[in-house]
Amino acid sequence: MAMEVATPAPAPITAPERNIILAPATVETHKKNRIRVSNTKKPLFFYVNLAKRYMQQHNEVELSALGMAITTVVTISEILKNNGLAKEKNVLTSTVGMKDETKGKMVQKAKIEIVLGKSDKFDSLVPPVTNGKTPEEVAKEETEAAVEVQEAAATMA
């Protein structure tokens with residue numbers, strides 16, 4: 001099990017002529033195919049649709065989450081795998097130290113990263129996007145359309 005620990009930046013080192021701030025290099029760099037999932041910000045199928053678009057563009061997607069959002073990442077992964085769109089490449093679990101904003105002390109949070117690749121039949125199941133929109137915009141539109149269909153079905157019932 002890999003461990004990641006966030007360390008605070010050291011205090012600035014001062015010299016009489018100038019101030020120099022030294023900070024450690026960040027461990028985690030921004031990846032274009034990473035989706036950081038929250039269970040409070042967007043609906044589940046927003047992330048499912050976004051993951052499909054990322055797989056179209058990059059052939060794989062990395063889903064990551066902390067704490068209570070881990071179940072959402074696992075659900076997204078299972079939806080994509082059960083629909084024949086993705087295959088699991090890697091799963092990484094770890095613990096990260098974070099500062100609790102309410103209590104002001106360090107707390108340990110569980111973290112998961114799941115890397116999914118395109119399945120062999122992905123391209124035949126998902127139509128290509130050629131309208132020049134970002135994956136986020138397409139995922140939002142698809143989610144809104146799915147909600148409208150659900151609302152229409154609910155009013156008819």
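Owing to the predicted nature of the structure, the values given are computational and were not obtained by experimental measurement.
The heavy-atom pair separating R34 from S64 by the smallest distance is CD-OG, 3.9 Å. V37 and A65 make their closest contact through O-CB, 3.8 Å (heavy atoms, listed as atom of the first residue, atom of the second, distance). Contact record, N39 with M68: ND2-O, 3.4 Å, taken as the closest heavy-atom pair. When all heavy atoms are compared, the tightest approach of Y54 to K32 is CE2-O, 3.4 Å.
Summarising the geometry, atom NZ belonging to K99 is positioned 12.5 Å from atom NZ belonging to K105; distances are rounded to the nearest 0.5 Å. The distance from atom CD of E62 to atom CD of E113, rounded to the nearest 0.5 Å, is 4.5 Å. Taking CG of N49 as the reference point, atom OG1 of T143 lies at 4.5 Å (rounded to 0.5 Å). With values rounded to the nearest 0.5 angstrom, I112 atom CD1 is found 6.0 Å from I70 atom CD1. To the nearest 0.5 Å, atoms CG (L63) and CG (L80) are separated by 7.0 Å. One finds the CE atom of M55 at 8.5 Å from the NZ atom of K52 (value rounded to the nearest 0.5 Å).
Checked by atom type and distance alone, the side chain of T75 pairs as donor or acceptor with a backbone atom of T71 at under 3.5 Å. The backbone N or O of Q108 sits nowhere less than 3.5 Å from a side-chain atom of T95 that would complete a donor-acceptor pair.
Residues Y47 and L44 fall within the same hydrophobic cluster, defined by Ile, Leu, Val, Met, Phe, Trp and Tyr side chains chained together at heavy-atom separations under 4.5 Å. Criterion: ILVMFWY side-chain heavy atoms under 4.5 Å apart, direct or through other members. Under it, L116 and L92 are not part of a common hydrophobic cluster. Linking ILVMFWY side-chain heavy atoms closer than 4.5 Å, directly or via other members, places V96 and V107 in two distinct hydrophobic clusters. With hydrophobic clusters built from ILVMFWY side chains whose heavy atoms lie under 4.5 angstrom apart, V61 does not share a cluster with V115.
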- Message: Run the side chain to side chain contact (heavy atoms under 4.5 Å, CB included) test on K140 and E144 for me, step by step, so that the C-alpha distance in whole Å, both residues' side-chain angles and the decisive distance to 0.1 Å come before the verdict.
- Response: CA-CA 6 Å; K140 183 178 179 188; E144 289 170 353; 3.1 Å; yes
- Can you list the steps and then say if K87 with D120 is a side chain to side chain contact (heavy atoms under 4.5 Å, CB included)? CA-CA 9 Å; K87 54 187 173 189; D120 296 333; 3.8 Å; yes
- Test V147 against F45 for side chain to side chain contact (heavy atoms under 4.5 Å, CB included), laying out the working first. CA-CA 10 Å; V147 168; F45 277 91; over 6 Å; no
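Under a cut-off of 6.0 angstrom, the local environment of NZ in K109 is sparse, with at most 12 non-hydrogen atoms contributed by other residues, nucleotides or ligands.
Counting heavy atoms from C-beta on, the side chains of L66 and R36 never come closer than 4.5 Å.
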